[in-house]
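Remarks on the structure that follows.
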Amino acid sequence: MGRTNPTYRDALRAIEERWAEFRRALRRRDQPRFDRLFEYAREHADASGLLNHQNPLLPALLSIDLEQEARLDDHEERLEELEAAVAARDDQGAAPSDANP
């Protein structure tokens, strides 16, 4: 006998289809962002499927949050690296203020 319950990936696909009209109504520049959110949800579909939550949208939203948090962490790390590089460059370029000619 076949499987009677839809998989989480099937449920996620159905959610995405229900939101298709919303996506179409978005500005063109926002449509790829919308698509990226569902990519984030698919990245965690295995964990979400194990949860077997009654409302499959909730694990999808948490998956999106996790991916957004990871992106923020990456940006913060990169910002710290850039700030350190700028500070090091400024330290190298600064002449000692008490040097007498």
Side-chain angles (χ1 to χ4, degrees):
M1 287 272 159
R3 188 178 179 135
T4 57
N5 294 332
T7 66
Y8 179 77
R9 290 179 193 279
D10 292 337
L12 189 57
R13 198 172 304 112
I15 292 169
E16 192 170 5
E17 288 171 6
R18 281 195 304 266
W19 284 85
E21 287 184 38
F22 176 83
R23 183 194 179 280
R24 277 191 297 276
L26 290 172
R27 293 190 170 115
R28 283 197 189 276
R29 70 172 187 259
D30 291 329
Q31 290 176 358
R33 293 175 182 138
F34 177 88
D35 296 339
R36 197 173 316 128
L37 296 178
F38 277 94
E39 288 172 24
Y40 293 161
R42 283 189 291 274
E43 296 258 336
H44 299 278
D46 292 338
S48 298
L50 289 174
L51 182 61
N52 198 24
H53 198 279
Q54 267 185 315
N55 182 353
L57 184 58
L58 294 178
L61 293 174
L62 186 59
S63 297
I64 292 166
D65 287 342
L66 284 171
E67 289 296 319
Q68 292 286 324
E69 189 67 21
R71 287 180 55 118
L72 282 173
D73 288 346
D74 291 344
H75 290 303
E76 287 174 359
E77 193 175 300
R78 180 69 177 135
L79 179 61
E80 288 172 8
E81 290 172 4
L82 291 170
E83 287 173 338
V86 167
R89 189 187 68 205
D90 288 348
D91 289 345
Q92 289 176 353
S97 59
D98 18 288
N100 292 327

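Note that the coordinates shown come from a computational prediction; the quantities given were computed from them, not determined experimentally.
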Does Tyr8 belong to the same Ile/Leu/Val/Met/Phe/Trp/Tyr cluster as Leu61, with side-chain heavy atoms less than 4.5 Å apart forming each link? yes
Determine whether Asp46 and Arg9 satisfy the following criterion, salt bridge (charged side-chain N to carboxylate O under 4.0 Å, His left out), listing intermediate values before the conclusion. CA-CA 8 Å; Asp46 292 338; Arg9 290 179 193 279; 3.0 Å; yes
Gap between atom [atom2] of [Y] and atom [atom1] of [X] - 0.5 Å precision:
{"X": "Phe34", "Y": "Glu16", "atom1": "CZ", "atom2": "CD", "answer": "6.5 Å"}
{"X": "Glu69", "Y": "Glu76", "atom1": "CD", "atom2": "CD", "answer": "7.5 Å"}
{"X": "Trp19", "Y": "Leu57", "atom1": "CH2", "atom2": "CG", "answer": "7.5 Å"}
{"X": "Ile64", "Y": "Glu39", "atom1": "CD1", "atom2": "CD", "answer": "11.0 Å"}
{"X": "Arg33", "Y": "Leu37", "atom1": "CZ", "atom2": "CG", "answer": "10.5 Å"}
{"X": "Asn52", "Y": "Gln54", "atom1": "CG", "atom2": "CD", "answer": "9.5 Å"}

Taking the side chain as every heavy atom from C-beta outward, state whether Ile15 and Phe38 have any atom pair closer than 4.5 Å. yes
Is there side-chain contact between His44 and Glu67, with heavy atoms separated by less than 4.5 Å? yes
Could you give me the CA-CA distance, side-chain angles and deciding distance for Arg78 and Glu81, then say whether salt bridge (charged side-chain N to carboxylate O under 4.0 Å, His left out) is met? CA-CA 5 Å; Arg78 180 69 177 135; Glu81 290 172 4; 3.5 Å; yes
Asp10 vs Arg13, test: salt bridge (charged side-chain N to carboxylate O under 4.0 Å, His left out). Steps then yes/no. CA-CA 5 Å; Asp10 292 337; Arg13 198 172 304 112; 3.0 Å; yes
Return the minimal non-hydrogen interatomic distance between Ser63 and Ala41, and the atom names on each side. CB-CA, 3.8 Å
Count the heavy atoms of every other residue, nucleotide or ligand shown that sit under 6.0 Å from CD of Glu21, and state whether that count exceeds 12. no
Within the distance-only criterion (no hydrogens, no angle test), does the side chain of Tyr40 pair as donor or acceptor with the backbone N or O of Leu66 below 3.5 angstrom? no
